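Report on the following structure.
Model, not experiment: these values are computed from the prediction. Computed over heavy atoms, backbone and side chain alike; hydrogens, waters and symmetry mates excluded. In the text below, chain A, chain B and the rest are named by the order of the sequence lines, each starting its count at 1.
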Amino acid sequence: MLTITLPDNSTREYAAPLTVAEFASDIGAGLAKAALAGRVNGKLVDTSYRLESDAAVAIVTGKDPDGLEVLRHSTAHLLAQAVKKLFPSAQVTIGPVIENGFYYDFAFERSFTPDDIVQIESAMAALATAQLPVKREVWPREKAVEFFLNIGEKYKAEIISDLPAAEPISLYQQGDFIDLCRGPHVPHTGFLQAFKLTKLAGAYWRGDPKNEMLQRIYGTAWPDQKALKVYLDRLEEAEKRDHRRIGKIQDLFHFQEEAPGNVFWHENGWKLFLTLQDYIRSQLSERDYIEVNTPELVDRSLWEKSGHWEKFGKDMFVTETEQRLYAIKPMNCPCHIQIFNQGLKSYRDLPIRMAEFGSCHRNEASGTLHGLMRVRHMTQDDAHIFCTPDQVQSEASAFIDLLLTIYRDFGFDNLILKLALRPEQRFGDDALWDKAEDALAKALDGAGLAWQPSPGEGAFYGPKIEFSLRDSLDRVWQCGTLQLDYVLPERLQAVYIAEDSSKQTPVVLHRAAFGSFERFIGILIEHYAGKLPLWLAPVQLMIMSITDRHADYARFVCMALKKQGIRARLDLRNEKVGFKIREHTLRYIPYQAVIGDQEVQTGTVALRALDGSDCGRLTIDECAKRLIQEVQSKGKRQK
RNA sequence: GCUGGCGUAGCUCAGUCGGUAGAGCAGCUGAUUUGUAAUCAGCGGGUCGUAGGUUCAAAUCCUAUCGCCAGCUCCA
């Protein structure tokens with residue numbers, strides 16, 4: 001007699017052991033059909049798992065996050081099976097589940113081509129239609145190693161040899177394909193109905209560039225076609241929002257061969273850049289920051305003292321003149337410490353919050369450059385807070401507050417916070433780390449935010465908080481950072497005089513909210529899909545004449561609005577108004593004002609919003625007032 | 001940096017088996033003076049990323065190189 005408890009706490013009794021699948025069909029035929037796996041006492045198992053004693057059992061379907069994972073994992077196996085069928089000499093390696101899908105790495109004598117992918121995909125579909133049962137077996141380790149070596153799968157044999165001795169070696173067989181896998185897997189391949197191979201790429205064996213390059217095939221898999229379509233549509237939407245595409249349409253910036261990774265900001269893009277800079281400036285001055293500016297070209301000796309030369313020298317651009325070697329600064333901190341070091345500082349001077357819109361160059365590997373998101377020349381909204389150890393927590397709290405204010409102004413409400421803790425290799429004793437980590441944790445708790453620790457991810461000189469935001473497509477971007485640093489101020493001999501008149505080393509907090517303006521602008525463009533809210537839009541209002549005889553009045557209106565700080569432009573071209581409206585609508589200009597005889601006579605403008613709605617005929621002052629109000633609300637007020 | 005793909009007019013792209021370059025949009029000129037998402041007509045525009053090579057002949061094939069794209073690695 002055994003008792004099975006369901007997730008709703010109801011129980012069922014059975015006289016004899018039964019499998020998860022049998023249990024599911026006892027509950028209902030529909031559930032049995034949908035059962036991908038089972039969860040027995042919290043552990044994920046195959047539907048063929050035999051229930052021999054009392055247990056808490058849940059039937060896992062595609063709706064269950066675990067079920068989706070099983071589905072994707074099984075689809076990765078299906079991919080491997082299809083590849084082995086078409087290309088028997090390919091060796092299988094690993095095939096894990098990733099966000100939204102899976103991949104499988106293969107060793108193969110030639111590169112897979114897009115044509116191969118099409119073939120592999122249809123082979124997968126055929127194998128799925130065949131509804132091959134997926135069977136699990138546990139083998140002795142030696143037998144498994146021998147088996148895989150015999151069939152020429154040296155990577156699999158290597159994986160098994162590296163598994164912990166206690167780990168049972170389970171193999172899964174579907175048709176004539178046998179793969180090492182922890183499982184669980186779907187009962188048969190017929191469950192794998194909604195998948196698509198998406199990408200083809202190289203990847204190193206075990207992620208190490210010293211190892212041989214394997215070929216990775218990426219795919220996505222979902223419980224049904226509808227969910228797959230939703231996902232594919234989202235990819236398409238992301239493509240439409242690509243900031244490189246929108247940057248071209250809206251004439252924001254460009255790149256060219258002669259300056260890889262360096263942005264040519266056009267008038268519109270630069271206006272956006274300056275708007276963001278003004279915004280940050282106003283936020284900083286409210287919070288008692290000072291703004292400074294430091295050299296971009298600094299002698300090698302300072303970078304040697306700071307430690308950058310040794311650690312990051314190869315990522316720095318250098319230039320030589322009069323037998324001196326200069327480096328273009330990759331970060332601002334050493335220079336800020338030079339400013340701090342001018343004159344003797346007292347504990348009474350602290351904290352000093354020193355900000356700079358620092359122009360930094362880093363020689364990023366060519367393959368990592370990506371539009372505005374990853375550049376070689378960037379401008380950070382950087383600041384360094386010099387404070388006493390006791391001030392760390394309150395400074396951290398103040399920065400978190402600032403950062404939340406900033407992110408909310410841009411419509412990012414969904415944040416992910418991580419506290420990166422001490423790494424293996426680190427400077428400073430454990431007592432110092434305890435104190436530092438504790439201060440940051442308390443600051444996070446004080447803000448009432450959920451956060452996760454990430455052990456071992458801290459910098460060698462101190463722990464840090466990483467602030468990531470989710471954009472409107474649910475993509476995660478790391479932007480803000482707050483890093484405690486005990487090492488650099490000491491290396492560069494920063495001191496202050498404490499209450500007891502002893503010399504002390506200040507703590508430095510490196511901090512940024514945007515990260516870099518370039519990257520943040522890229523994120524904003526994609527977040528808003530190019531439809532920047534009025535307060536950010538480089539061109540806020542387009543004033544259009546209907547015929548030439550309205551041009552003078554249109555110019556007058558434009559000047560009047562510009563005087564009130566509105567970014568207005570004129571379109572006096574000899575075109576029909578419908579043509580002009582279409583063009584500016586496609587460029588997402590937030591407001592358009594039409595000027596014809598009636599407006600000239602009444603001293604008004606006919607205002608039209610981007611969504612096509614008619615805002616009516618307004619006097620110039622009314623129009624200005626309306627726009628200014630919307631700018632001040634930063635688009636947070638409902639229309 | 002590594003692997004693979006790509007690079008043709010200002011933009012988006014076509015160009016078959018190697019035979020001497022094409023469309024739409026944009027631009028220019030002219031007509032049109034127009035009321036809320038495309039007025040009409042005509043015209044100009046390319047060292048096919050760059051440098052070599054093969055060939056009677058190269059956008060097309062080969063090599064190198066630069067850049068871009070996807071992923072890997074990296075990301076102070």
Inset, instruction - Would you classify A:I581 as touching base, sugar-phosphate or nothing, given that sugar-phosphate means primed atoms plus P, OP1 and OP2, and contacts are heavy atoms under 4.0 Å? - result: base

Legend entry - Rounded distance in Å - CG (A:D611) to C1' (B:rU36): 13 Å

Inset, instruction - Could you check how far CG of A:D105 sits from P of B:rU73, rounded to whole Å? - result: 10 Å

Inset, instruction - For the side chain of A:F312, starting at C-beta, report the closest nucleotide among B:rC72, B:rA76, B:rU36. - result: B:rA76

Inset, instruction - May I ask you to check if A:R72 and A:F102 form a cation-pi contact, with NZ or CZ under 6.0 angstrom from the six-membered ring centre and within 45° of the axis? - result: no

Legend entry - Touch class at under 4.0 angstrom, heavy-atom based, for A:R244 against every strand present: sugar-phosphate

Inset, instruction - Classify the nucleic acid contact of A:G371 as base, sugar-phosphate or nothing, counting any heavy atom under 4.0 Å across all strands shown. - result: sugar-phosphate

Legend entry - Nucleotide nearest A:R549 (side chain, heavy atoms from C-beta), chosen from B:rC74, B:rU33, B:rC68: B:rU33

Legend entry - Nearest-0.5 Å distance, CG of residue A:L297 to CZ of residue A:F317: 13.0 Å

Inset, instruction - Report which part of the nucleic acid A:E212 touches: base, sugar-phosphate, or nothing (heavy-atom distance under 4.0 Å, all strands). - result: nothing

Inset, instruction - Record whether the side chain of A:Q215 comes under 3.5 Å of the base of B:rG71 through a donor-acceptor pair of N or O atoms. - result: no

Legend entry - Nearest-Å distance once atom P is located in both B:rA26 and B:rG42: 15 Å

Inset, instruction - Answer with base, sugar-phosphate or nothing: what part of the nucleic acid does A:E258 contact at a heavy-atom distance below 4.0 Å? - result: nothing

Inset, instruction - Report the distance from atom CG of A:D571 to atom C1' of B:rU33, rounded to the nearest whole Å. - result: 14 Å

Legend entry - Value in whole Å for how far the P atom of B:rC75 lies from CZ of A:F460: 13 Å

Inset, instruction - For A:F579, answer base if it contacts any base atom (sugar-phosphate contacts may also be present), sugar-phosphate if it contacts only those atoms, and nothing otherwise; contact means non-hydrogen atoms under 4.0 Å. - result: sugar-phosphate

Inset, instruction - Could you work out the separation of B:rU65 and B:rU3 based on their P atoms and round it to a whole Å? - result: 11 Å

Legend entry - Between B:rC72 (C1') and A:L200 (CG): distance, integer Å: 13 Å

Legend entry - Nucleotide nearest A:Q483 when distance is taken to its side chain, options B:rA76, B:rG35, B:rU73: B:rA76

Legend entry - Rounded distance in Å between the P positions of B:rC28 and B:rG44: 16 Å

Legend entry - Same-atom distance (C1') from B:rC56 to B:rC43, integer angstrom: 37 Å

Inset, instruction - Could you tell me whether the phosphate oxygens of B:rG71, OP1 or OP2, come under 4.0 Å of any side-chain nitrogen or oxygen in A:K199? - result: yes

Which donor-acceptor pairs under 3.5 Å do the side chains of residues 522-529 of chain A make with protein atoms, sequence neighbours left out?
unit_1	atom_1	unit_2	atom_2	d
A:E526	OE1	A:R475	NH1	3.2
A:E526	OE1	A:R475	NH2	3.1
A:E526	OE2	A:H243	N	2.8
A:E526	OE2	A:H243	ND1	2.8
A:H527	ND1	A:S472	N	3.0
A:Y528	OH	A:F410	O	2.8

Legend entry - A:Y104 and A:F106 aromatic ring geometry - parallel, tilted or perpendicular at 30°/60° bounds: parallel

Inset, instruction - Classify the nucleic acid contact of A:Y218 as base, sugar-phosphate or nothing, counting any heavy atom under 4.0 Å across all strands shown. - result: sugar-phosphate

Inset, instruction - Could you check A:D242 against A:T547 and say which one's nearest nucleotide on RNA chain B is further toward the 5' end? - result: A:T547

Inset, instruction - Select base, sugar-phosphate, or nothing to describe what A:Y461 touches, counting heavy atoms under 4.0 Å on all strands. - result: sugar-phosphate

Legend entry - Whole-Å C1' distance, B:rG49 and B:rC6: 11 Å

Inset, instruction - Taking the side chain as every heavy atom from C-beta outward, state whether A:L492 and A:K305 have any pair of such atoms under 4.5 Å apart. - result: yes

Legend entry - Residue closer to the 5' end of RNA chain B, A:K248 versus A:K464 (nearest nucleotide): A:K248

Inset, instruction - Considering only atom C1', compute the distance from B:rG15 to B:rA9 and round it to an integer number of Å. - result: 14 Å

Inset, instruction - Using a heavy-atom cut-off of under 4.0 Å over every strand shown, decide if A:G367 touches base, sugar-phosphate, or nothing. - result: base

Inset, instruction - Tell me what A:V577 touches on the nucleic acid: a base, only sugar-phosphate, or nothing, going by heavy atoms under 4.0 Å. - result: sugar-phosphate

Legend entry - From A:R555 atom CZ to A:L570 atom CG, the distance as rounded to the nearest 0.5 Å: 7.0 Å

Inset, instruction - Could you work out the separation of B:rA14 and B:rG35 based on their P atoms and round it to a whole Å? - result: 39 Å

Inset, instruction - Please determine if A:E457 and A:K418 form a salt bridge, counting it only when a charged side-chain N lies under 4.0 Å from a carboxylate O. - result: no

Inset, instruction - Assign the ring pair A:W270 / A:W265 to parallel, tilted or perpendicular, where the plane angle (0 to 90°) is split at 30° and 60°. - result: tilted

Legend entry - Side chain of A:T368 - closest among B:rC2, B:rG35, B:rU73: B:rU73

Legend entry - Whole-Å C1' distance, B:rC68 and B:rU39: 39 Å

Legend entry - Parallel, tilted or perpendicular, as decided by the 30° and 60° cut-offs, for the rings of A:Y231 and A:W222: tilted

Inset, instruction - Using a heavy-atom cut-off of under 4.0 Å over every strand shown, decide if A:D597 touches base, sugar-phosphate, or nothing. - result: base

Inset, instruction - Remember a base hit wins even if backbone is also touched, and classify A:R216 as base, sugar-phosphate or nothing at under 4.0 Å, heavy atoms. - result: sugar-phosphate

Inset, instruction - Both distances under 3.5 Å, Watson-Crick or G-U wobble: report the partner of B:rG30, or none. - result: B:rC40

Inset, instruction - Could you let me know what B:rC2 is paired to, Watson-Crick or G-U wobble, both distances under 3.5 Å, or none if it's on its own? - result: B:rG71

Inset, instruction - Could you check which of B:rU39, B:rU33, B:rC74 has an atom nearest any side-chain atom of A:D548? - result: B:rU33

Inset, instruction - Determine which nucleotide pairs with B:rU50, using a 3.5 Å limit on both distances of a Watson-Crick or G-U wobble pair. - result: B:rA64

Legend entry - Nucleotide opposite B:rA21 in a Watson-Crick or G-U pair, distances under 3.5 Å: none

Inset, instruction - Round to the nearest Å and state the distance from A:R519 atom CZ to B:rA76 atom P. - result: 11 Å

Inset, instruction - Classify the nucleic acid contact of A:E575 as base, sugar-phosphate or nothing, counting any heavy atom under 4.0 Å across all strands shown. - result: base

Inset, instruction - Just compare B:rA76, B:rC2, B:rG35 and give me whichever is closest to any side-chain atom of A:A606. - result: B:rG35

Inset, instruction - Select one nucleotide: of B:rG35, B:rG7, B:rA37, the one nearest the side-chain heavy atoms of A:E257. - result: B:rG7

Inset, instruction - Tell me which nucleotide among B:rG35, B:rU36, B:rC68 gets nearest to the side chain of A:P260. - result: B:rC68

Legend entry - B:rC68 phosphate, OP1 or OP2, under 4.0 Å from A:H370 side-chain N/O: no

Legend entry - Length of the CZ-C1' vector between A:F264 and B:rG67, whole Å: 13 Å

Inset, instruction - Could you check whether A:A365 gets within reach of a base, just the sugar-phosphate, or nothing at all, counting any heavy atom under 4.0 Å? - result: base

Legend entry - Contact under 4.0 Å: A:Y103 side-chain N or O vs B:rC72 OP1/OP2: no

Inset, instruction - Could you check whether the rings of A:F112 and A:F108 sit parallel, tilted or perpendicular, using 30° and 60° as the cut-offs? - result: parallel

Legend entry - For atom CH2 of A:W477 and atom C1' of B:rC75, their distance in whole Å: 14 Å

